[in-house]
Novice: 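Got a structure for you, questions after.
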Protein chains: 2
Amino acid sequence: MPATMKDVAHLANVSTSTVSRVLAGHPAISAETALRVREAMAALSYQPNQIARSLSNQTTRTIALLMPDPSASPLMNAFFVSAIRGVMTYARKNGYYLLLTYPENNDTETLVRDLVGSRRTDGVILTTVIKDDPALTFLIAQNHPHVVIGHPYDDQNTLWVDNDNQAIVYEVTSRLIQQGCRNIAFLSGADEFRVTLDRQQGYLNALHDHDIPVNPDLIHRSRFIETLAAEATREILKTCLPDAVIATDDTLAVGVEKALREFHYEHNVAVVGFNNTLVAQFVRPALSSVEINAEQLGYYAAKLLISHLEGIDLHIRHYLIDAHFIERESSRPKAKRKK
Amino acid sequence: MPATMKDVAHLANVSTSTVSRVLAGHPAISAETALRVREAMAALSYQPNQIARSLSNQTTRTIALLMPDPSASPLMNAFFVSAIRGVMTYARKNGYYLLLTYPENNDTETLVRDLVGSRRTDGVILTTVIKDDPALTFLIAQNHPHVVIGHPYDDQNTLWVDNDNQAIVYEVTSRLIQQGCRNIAFLSGADEFRVTLDRQQGYLNALHDHDIPVNPDLIHRSRFIETLAAEATREILKTCLPDAVIATDDTLAVGVEKALREFHYEHNVAVVGFNNTLVAQFVRPALSSVEINAEQLGYYAAKLLISHLEGIDLHIRHYLIDAHFIERESSRPKAKRKK
DNA sequence: TTGAAAGCGCTAACAT
DNA sequence: ATGTTAGCGCTTTCAA
């Protein structure tokens, strides 16, 4: 049995409240007693029971990070791994523990209710944004501290971090147009996610501003799985040959390249991915990709949450994380002319 | 303020002990009262306070997963990501939460002491094995439930899961020898990790069994970072041209290929990686790699730990997870002859 | 079948 | 500057 505060109090000949006070660094404690208490703690290698502390405090120094349901998106694709890394780093540095979890049967609401109701965590970070998210509604209603990675529809009552998805896709699309592309396909994730809609809007706006008509056959959505992207690409190739494809995940982009290669179009079609994963550097042709700095998204999400938990007012309710286009061979005009 | 047991007891006109009993599914409770209590719970949308429960129970239904210190190995390389995924999946399915953390200043002992002392978790999973690991020693001394991913030196007092690292490297090395390789380089992680030594032993045994002398210049160790592997390769190339390189992580293998390419040796040297990551499929030449099934390692680690926590005797104290060699272009003789 | 009461280990208001 | 005491919300022994 590990030592308790009581044991320490006995040994140091003080009351438990005194022990509690030295632990808390309370000022009104004489140097001598503080020393005695510390010695007693050391002698017994005392460690405070955080559970007891939590019960008394109503605080756990633990935050929860909710991943998407693995049935909706592969558990921990590169984006989420980076985000976790960022969250973990900030949390650890600030003395918070990280509870990593995901919903079952896509039921995020039940998970959040459980997390909040059980009082295991002080706050939660959500990693997806959908319309009328019941989990988010619940968090807002309960006034439970939370941060969303992604731009929530109701951005008044929640803290959030995101890239400017519309702008970055606008930029990429415009760039391709400048290179002479006119038939630009757009492959993205499920349209229940706001990130999908934002990016698509950036794409549409760019086409519009350059007077390029929208061809619905060039717009596809799927889960972030390579084979699905290959499938979609073959589908598109049945009706026309696009001169560029923007895919909102490198995994998708790789699937696109694979399908293009089947028809020997790999050098005729510019391809751009997202998330700048390792594969982007290694596929041939090297894949142009949008670096969204997912690690920073996670880091700032944790920062926003933890600052809020500690009552620190950052005078800011969201962070917009820089994203930038990394051009590689797969979308460079010269590469395409090579053939 | 969320409802407490007391509120439920009031509403149902019973004592808190009765509420506690229905919650626990205690048999000696009349059907009527049980019903009344359940209704009261529903009416108040009562959720038990897990912290209070934990304090009373001395149990948290949370397990900790310790990652390596990011200063020693990049935080969450592919191996660990897969392992996390496996642990998380099993834990979630069995109603356990996952606390993800890592030591600071490489001080795993302090972290483990804190984790155990604070009673935040019911058990911990370690992901690295070093000699005389103080963290492991502490866990054994405290008799605190734990599982190690990797084969611990003291395998009597801990549960563990691992691949048969020696055997798989023996197999890969022998294969390369059969293909005619005689100068096989071996690049691996830090030799403080047992996995490094085991794999190296497999390599040495294979050489020995085929009467090939060991050339120490061909054996290098480094952190799992691409550039370091490239560096090591250049170092080796100064003194001799190996006909094969075994690298115990795909990241290293990629660095090797990069260095080989600088000297236009990429088609003359067989290269084998480990962990069968995505890049292995996409680099050119496609990288042969050992699939160690890290996700299964994590899954079975969690299974071992949780079964132990629940007092279920699996009649087994470790799992040996299958690993197998996936041969691709980078090590195939024909590919090498191409040039 | 149910309730009363003690206890899990800590914190904090109140008292001295 | 320190001790006393009453919780925090639950479980569980003991008694009825």
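Below, chains carry the letters A, B, ... as their sequence lines are ordered, and counting in each starts from 1.
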Novice: Determine which pairs satisfy side-chain hydrogen bond (donor to acceptor under 3.5 Å, both in side chains) with at least one residue from residues 9-31 of chain B, sequence neighbours left out, and list them in order.
Specialist: Ser15(B)-Ser17(B), Ser15(B)-Thr18(B), Ser30(B)-Thr33(B)
Novice: For residues 123-138 of chain B, run the donor-acceptor check on the side chains, cut-off 3.5 Å, and write out each pair with its distance to 0.1 Å, sequence neighbours left out.
Specialist:
unit_1: Thr127(B); atom_1: OG1; unit_2: Leu66(B); atom_2: O; d: 2.6
unit_1: Asp133(B); atom_1: OD1; unit_2: Ala135(B); atom_2: N; d: 2.8
unit_1: Thr137(B); atom_1: OG1; unit_2: Asp133(B); atom_2: O; d: 2.8

Novice: Listing time: all N or O pairs from protein to nucleotides 12-16 of chain D that are below 3.5 Å?
Specialist:
unit_1: dT13(D); atom_1: O4; unit_2: Arg21(B); atom_2: NH2; d: 3.1

Novice: Starting from the first five and the last five pairs of the helix from dT1(C)-dA16(D) to dT16(C)-dA1(D), work out the angle between the resulting helix axes, to 10 degrees.
Specialist: 40°
Novice: Have a look at Ser54(A) and say if it touches a base, only the backbone sugar-phosphate, or nothing, with a 4.0 Å heavy-atom cut-off.
Specialist: nothing
Novice: Could you check whether Asp7(A) gets within reach of a base, just the sugar-phosphate, or nothing at all, counting any heavy atom under 4.0 Å?
Specialist: nothing
Novice: Examine distances only and state if a side-chain atom of Thr59(A) and a backbone atom of Asn57(A) form a donor-acceptor pair shorter than 3.5 Å.
Specialist: no
Novice: According to salt bridge (charged side-chain N to carboxylate O under 4.0 Å, His left out), does anything in residues 100-122 of chain B pair up with another residue at least two apart or in another chain? List the pairs.
Specialist: Arg92(A)-Glu104(B), Glu109(B)-Arg113(B)
Novice: Let me check something: any side-chain donor-acceptor pairs from residues 142-151 of chain B under 3.5 Å, sequence neighbours excluded? List them with distances.
Specialist:
unit_1: His146(B); atom_1: ND1; unit_2: His144(B); atom_2: O; d: 2.7
unit_1: His151(B); atom_1: NE2; unit_2: Asp155(B); atom_2: OD2; d: 2.8

Novice: For a quick check of understanding: with a heavy-atom distance under 4.0 Å over all strands, which category does Val14(A) fall into, base, sugar-phosphate or nothing?
Specialist: sugar-phosphate
Novice: On the nucleotide dG3(D), are OP1 or OP2 found under 4.0 Å from the side-chain N or O atoms that Ser15(A) carries?
Specialist: yes
Novice: Checking all strands, does Ile29(B) fall into the base, sugar-phosphate, or nothing category for heavy-atom contacts under 4.0 angstrom?
Specialist: sugar-phosphate
Novice: For a quick test of reading the model: is some side-chain N or O of Arg53(A) closer than 4.0 Å to OP1 or OP2 of dT11(C)?
Specialist: yes
Novice: Please work out if Gln58(B) contacts a base, only the sugar-phosphate, or nothing of the nucleic acid, heavy-atom cut-off 4.0 Å.
Specialist: sugar-phosphate
